[in-house]
Amino acid sequence: MKSEMFPPEVRAMSVGLAYAIANAIFGGSAEYVALWFKNSGAESSFYWYVTFMCAHRSCRLDPDARSED
């Protein structure tokens with residue numbers, strides 16, 4: 001996300017809000033997901049979950065992966 005796409009008066013709030021929401025959803029739920037994997041007997045699968053999430057986000061940030069529509 002580019003901060004320049006927001007008007008200067010709300011730029012910090014817009015970028016900070018997006019970061020805070022993403023951090024709350026994925027950072028806040030990581031402990032529960034890890035415990036769920038552990039309790040289900042697939043503790044090492046948590047590393048694949050984290051790898052998938054990182055790869056998914058990296059693809060979304062890649063400007064070449066976006067369509068020109």
Side-chain angles (χ1 to χ4, degrees):
M1 176 187 342
K2 293 187 176 195
S3 61
E4 292 87 21
M5 62 190 271
F6 296 106
E9 57 272 2
V10 296
R11 190 172 290 167
M13 183 197 63
S14 301
V15 174
L17 182 64
Y19 174 79
I21 290 172
N23 195 22
I25 291 171
F26 294 107
S29 65
E31 181 180 356
Y32 299 109
V33 172
L35 288 174
W36 180 78
F37 278 118
K38 183 177 180 180
N39 290 336
S40 67
E43 189 171 344
S44 62
S45 297
F46 178 70
Y47 302 112
W48 288 110
Y49 168 76
V50 172
T51 302
F52 172 76
M53 288 304 209
C54 291
H56 174 69
R57 190 65 200 148
S58 295
C59 290
R60 298 279 299 156
L61 291 176
D62 183 14
D64 295 332
R66 296 183 189 160
S67 65
E68 295 294 324
D69 295 338

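Everything numeric here is computed off the predicted structure, so don't read it as measured data. Note that the numbering runs from 1 along the sequence shown for the chain.
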**Message:** If hydrophobic clusters are built from ILVMFWY residues whose side chains come within less than 4.5 Å, do F46 and M53 share one?
**Reply:** yes
Side-chain atoms of residues 33-43: list all donor-acceptor pairs with protein atoms under 3.5 Å, sequence neighbours left out, distances to 0.1 Å.
residue: N39; atom: ND2; partner: L35; partner atom: O; Å: 3.3
residue: S40; atom: OG; partner: W36; partner atom: O; Å: 3.2
residue: S40; atom: OG; partner: F37; partner atom: O; Å: 3.0

**Message:** Test of understanding: clusters of I, L, V, M, F, W, Y form through side-chain heavy atoms closer than 4.5 Å, transitively. Do V50 and F52 belong to the same one?
**Reply:** yes
**Asked** Among all residues two or more places apart in sequence or in another chain, which pass the side-chain contact (heavy atoms from CB on, under 4.5 Å) test with I25?
**Response** I21
**Partners meeting side-chain contact (heavy atoms from CB on, under 4.5 Å) with M13 (sequence neighbours left out)** = V10
